[in-house]
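Side chains are part of it too, since the values below use all heavy atoms of this structure and drop only hydrogens, waters and symmetry mates.
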Amino acid sequence: MDKLTVRDIDVSGKRVLVRVDFNVPLDEKTGAITDDSRIRATLPTIKYLIDRGARVILCSHLGQPGGKVVDKLRLTVVAQRLSQILGKQVGVTKDCIGPETKKSVASLQSGDVVLLENLRFHSAEEMDNHIFARALAKLADIYVNDAFGTSHRSHASIVKVAEYLPSVAGLLLEKELATLGSLIDNPVHPFGGLVGGAKVSDKVGMLGNIMAKIDFLLIGGGMAATFLKAKSYETGLSLIEADRIDTAAGLMEKAASNGVRLLLPVDVVVVDEISAEAKKTVVSTENISPHQRIVDIGPQTIKNFSEALQNCRTVFWNGPMGVYEISQFAQGTRAMAKLLANLSATTVIGGGSTAELVIRKGLADKMSFVSTGGGASLRFMGGKTLPGVEALLDKGSLPAGKLKELAKSS
């Protein structure tokens, strides 16, 4: 972690603009928050600022409103939940910029918290527009990025606003980078990668980058079909990335050359049609019918994966083992989640759908760390820079006195 953090700058009495990731899931019928883990994850930063008398201005997006005001994507429900958790009132502005927003921010006292309305009600946010970013920056003295889950996006509130304010990392962002960075730089061996999900293309960079670090690589989920195809297995009607078959073959060769034990499914759950009512069958990977689809890993594969993982002292998991949204096809995913929750090892969940299912099963507290960013964690584990992190001040770039001077004059 070579970036300055909120601990490195004087925030007392300052207006601090904090980019958070409050893109929480909402119930389609009631509009209620179904999982508030992203809100809770940023509490350490918010409380740190409150305790030091900062005037806290939170900003976030919610959903994909497409640059228009969408009432069901207003952040009122988020402000209400945050108020309950913090035990203090958190207001929400009518817009994220403009005269009324300036007035609301100007009325803040030390320790107060306000949440700006959905950033993506303005198309300029996703366009990395400097005018929009400047309008946000004028609300504050200091900028803090605590939105790891969106730090791989070059959006105005993530990158451009950092050009106008002294900008540092929040405590969640710091923890994400430190935890994931330790997997790349200094993992405790044996180190296992459990990888699933639909597409090989989403994971290529990450797999290539960690191949020299890991001892075991276990491939499940929809992407396993592309690997099986690369070994000339019949995969039926399963989704195959035809343009990634050579990539899968290359990754298997790289695993072999690095001494990585790579495990593919030896048996799978198949159906004729993906539906909750479908009749499922377990077959070996050598006996998949041309008319069947793979929807989960089979019992022998679960056993093989479990035996390999029980030998590991570090495990990184990203991607479900099957079509976990349908209960009868979620056995493999549930088995892996339960195993990792009881494993005497460092277990890191790589955000996205994997994090959601672990949280939903009430197992998050039994994991060493659950990342708040799926796409961001994959990009970071792939050895690529995150624009939102690159935009922050480096450690040693400015003396403490200069930081305080910047905060006063910004």
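A donor-acceptor contact closer than 3.5 angstrom links the side chains of Ser151 and Asn145. Side-chain polar atoms of Arg244 and Ser201 form no donor-acceptor pair below 3.5 angstrom. Side-chain polar atoms of Ser37 and Asp35 form a donor-acceptor pair below 3.5 angstrom.
For Gln64, the side chain to side chain contact (heavy atoms under 4.5 Å, CB included) partners at least two apart in sequence or on another chain are Arg120, Glu126. Residues passing the salt bridge (charged side-chain N to carboxylate O under 4.0 Å, His left out) test with Asp36, sequence neighbours excluded: Arg40, Arg81. Under the rule for a side chain to side chain contact (heavy atoms under 4.5 Å, CB included), the partners of Ala391 that lie at least two apart in sequence or sit in another chain are Val159, Ala162. With sequence neighbours excluded, no residue forms a side chain to side chain contact (heavy atoms under 4.5 Å, CB included) with Glu253. With sequence neighbours excluded, no residue forms a ring-ring contact (aromatic ring centres under 6.0 Å, His included) with His155. For the salt bridge (charged side-chain N to carboxylate O under 4.0 Å, His left out) test, residues two or more places apart in sequence or in another chain that qualify with Asp71 are Arg74.
Side-chain contact between Pro190 and Phe216 is present, with heavy atoms from C-beta onward closer than 4.5 Å. The side-chain heavy atoms of Phe316 and Lys213, taken from C-beta on, include no pair separated by under 4.5 Å. For the pair Leu26/Val77, a side-chain contact is recorded, criterion being any heavy-atom separation below 4.5 Å from C-beta on. At a threshold of 4.5 Å between non-hydrogen side-chain atoms, the residues Ser123 and Phe132 do not count as touching. By the 4.5 Å heavy-atom criterion applied to side chains, Leu73 and Phe121 are counted as neighbours. Contact annotation: the side chain of Phe305 never approaches that of Leu339 to less than 4.5 Å [non-hydrogen atoms, C-beta and beyond]. Between Phe22 and Thr42 there is a side-chain heavy-atom pair separated by less than 4.5 Å.
Here the CD-CG distance, from Glu174 to Asp146, works out to 9.5 Å after rounding to the nearest 0.5 Å. Atom-to-atom distance recorded for Lys88:NZ and Asp112:CG is 5.5 Å, nearest 0.5 angstrom.
The local environment of CZ in Arg261 is sparse, with at most 12 non-hydrogen atoms from other residues, nucleotides or ligands closer than 6.0 Å. Heavy atoms from other residues, nucleotides or ligands lying under 6.0 Å from CG of Asp27 number more than 12. Within a 6.0 Å sphere centred on CZ of Arg313, other residues, nucleotides and ligands contribute 12 heavy atoms or fewer. Within 6.0 Å of atom NZ in Lys280, more than 12 heavy atoms from other residues, nucleotides or ligands are found, so the atom counts as buried in its surroundings.
The backbone N or O of Gly350 lies less than 3.5 Å from a partner atom in the side chain of Ser377, making a donor-acceptor pair.
For the residue pair Trp317 and Thr333, the shortest heavy atom distance occurs at CH2-O, 3.7 Å. Residue Arg15 comes nearest to Val105 through the heavy atom pair CD-CG1, 4.3 Å, listed as atom of the first residue, atom of the second, then distance.
Taking 4.0 Å as the cut-off between side-chain N and carboxylate O, Glu100 and Lys103 do not count as a salt-bridged pair. Between Glu176 and Lys3 there is no salt bridge, since no side-chain N of the basic residue sits under 4.0 Å from a carboxylate O of the acidic one.
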Legend entry - Intermediate values then yes/no, side-chain contact (heavy atoms from CB on, under 4.5 Å), Met321 and Leu194: CA-CA 9 Å; Met321 297 292 102; Leu194 177 61; 3.8 Å; yes
